Amino acid sequence: MIPDGPGPLSGAALLGPRGQEILAAIDAAREFLESHTEEELLSRVGQTIDEIPRVDHLTKDVFQASYGGRKPGAPDDVLTGLGHFFITEQRRLFLDCTGGHYQMTWGYRHPVLTAALAEAERLGILWDAHSNIPGATVKRLSYKLVELCNPGLQGIAECDASGCSVPGGLDTVLLGICTGSVACSTALKIMLARHREARSDPPVVIALEGNYHGTDIFAQSMRGMWTGVVAGAEFVTLEPNDVQAAEEPFARFGPRIMGFMCEPVMMNREAILVETGYMRRIRELCDEADALLAVDEIQTGFWEPGFFHYRRWGITPDLVICGKGMAAGLHPLSAVIYKRPLDVLAQYDAISTNGNAPLAAMIALHSIAMIEQDAERIGAAAESITAMAHRVKDKFPDRIDAVHGDGHLCGLKLAKVNDALELHRRCVERGVWVRAHAYHEGHSTVLCKFALTAGPAAIEHLGGTYEELLGG
Ligand SMILES: Cc1ncc(COP(=O)(O)O)c(C=O)c1O
């Protein structure tokens, strides 16, 4: 049925003249990671791993400059990884304290997910399909998201029609979208469509100062980019957790406000935690102004045992956005979960061609089940990260102003920008991969977001590294 054609090419041939050597290096790195215990790996973090052959790796000379293009020096990109460790082309072993780029929920090549992937492929689960004919895994994932957003709901676990409509609840899902940027823009378009239906004056959207809701031009306008281009809307940003400052724009713009959007832990602004009391008041203000409340859980949704940070606030948003780690990094898959009366967009208003992926949905279901089954250990890891950060802060009260974030999403706010930059640089030099927010005025935070594989040993390695460097 599949026409005869050329047989599969070797991976080496596809990578060009040095393909064989490159693949051998990747394979040796895989073998190294798989044949060592976590303790052994931690003892070698930052070292060059001589068991891996030295190879001339491919350069990035045609990459965009902002993505490392045309940088002098030997390339040192990723070779392979396992759990919360990865090895670079220059054969250095890293402890990844950031879960890839905050999207590898279970780190790299988790054996359970790798086996699930092979099994799904064997069963014939499709890589992708048209959004008009979603496969069983995509449909099941939509029910699972509704179940997670409406705990205790009857029927939904069996995909039973009795649970399909939750008056006032989050019972509708748009899943045919790929990236978080498309999910955020979808939520904004829903706000816009609803506003347009009721009013003809320019809409106002409120977000938090330092927000990041993806790369759509509307979302970028919300953070002050492209000033004046999106002229038909007004953008207001607020300082997080300042209730008084929030009252003013709600009073000033009232029903012109189409919605408020925020993420629970601001991973583009020093991991600032948005507080429960603040969000409860925002919910009231949105209700008074008939504005929609959208919570961007792209960072937080699948990074805690209870799923979806907003649930701790004791309020129901109108729209919940998730993505990033939902499919554990296999393939971008995101979703907006919202209240049924907001089901107002047409199919091509918000869609991604590759967003209806049965295989990615299968991995998402696996990843969610793993979080459910491992909730206790994940909760304990979250507490250990917080405790570690506070211990470091208490040891260096002159250097560290505060601990930011919550659980796995954790920041150390340093008193001085230079200390934050230096701490970040030296951590990376030692093979401890963290991130820094110290490039905008007032920012001086070093951040981590461990993959859910990380336990006490990895967390203590990070804590010990912080302590040694801050003490030095
Ligand atoms: C809070 C938040 N919203 C939206 C996005 C955009 O997601 P994506 O990069 O998948 O488009 C990100 C990505 O980092 C994010 O962290």
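What you are looking at is a predicted structure, and each value in this text was computed from that prediction instead of being measured. The basis for the numbers below is simple: all heavy atoms, side chains too, and nothing from hydrogens, waters or symmetry mates. When a ligand or atom number is given, it counts from 1 through the structure's own listing order.
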Give one line per pair: atom of ligand 1, protein atom, distance. Only N/O to N/O under 3.5 Å.
from     : atom 1 : to     : atom 2 : distance (Å)
ligand 1 : 3 (N)  : Tyr212 : O      : 3.3
ligand 1 : 3 (N)  : Asp296 : OD2    : 2.6
ligand 1 : 10 (O) : Gly180 : N      : 2.8
ligand 1 : 11 (O) : Gly180 : N      : 3.4
ligand 1 : 11 (O) : Ser181 : N      : 2.8
ligand 1 : 11 (O) : Ser181 : OG     : 2.6
ligand 1 : 14 (O) : Lys324 : NZ     : 2.8
ligand 1 : 16 (O) : Gln299 : NE2    : 2.9

How about [X] and [Y]: does a side-chain donor come under 3.5 Å of a side-chain acceptor?
X: His84; Y: Asp96; answer: no
X: Gln347; Y: Asn132; answer: yes
X: Ser367; Y: Trp106; answer: yes

> If you round to the nearest 0.5 Å, how far is CG of Leu192 from OG1 of Thr186?
Replying inline: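 Interatomic distance, Thr186 OG1 to Leu192 CG, rounded to 0.5 Å: 12.0 Å.
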>> Tell me whether Arg340 is salt-bridged to Asp343, with the criterion being a basic N under 4.0 Å from an acidic carboxylate O.
In response: no
> Which heavy atom of Val432 sits nearest a heavy atom of Phe94, and at what distance?
Replying inline: N-CD2, 4.3 Å
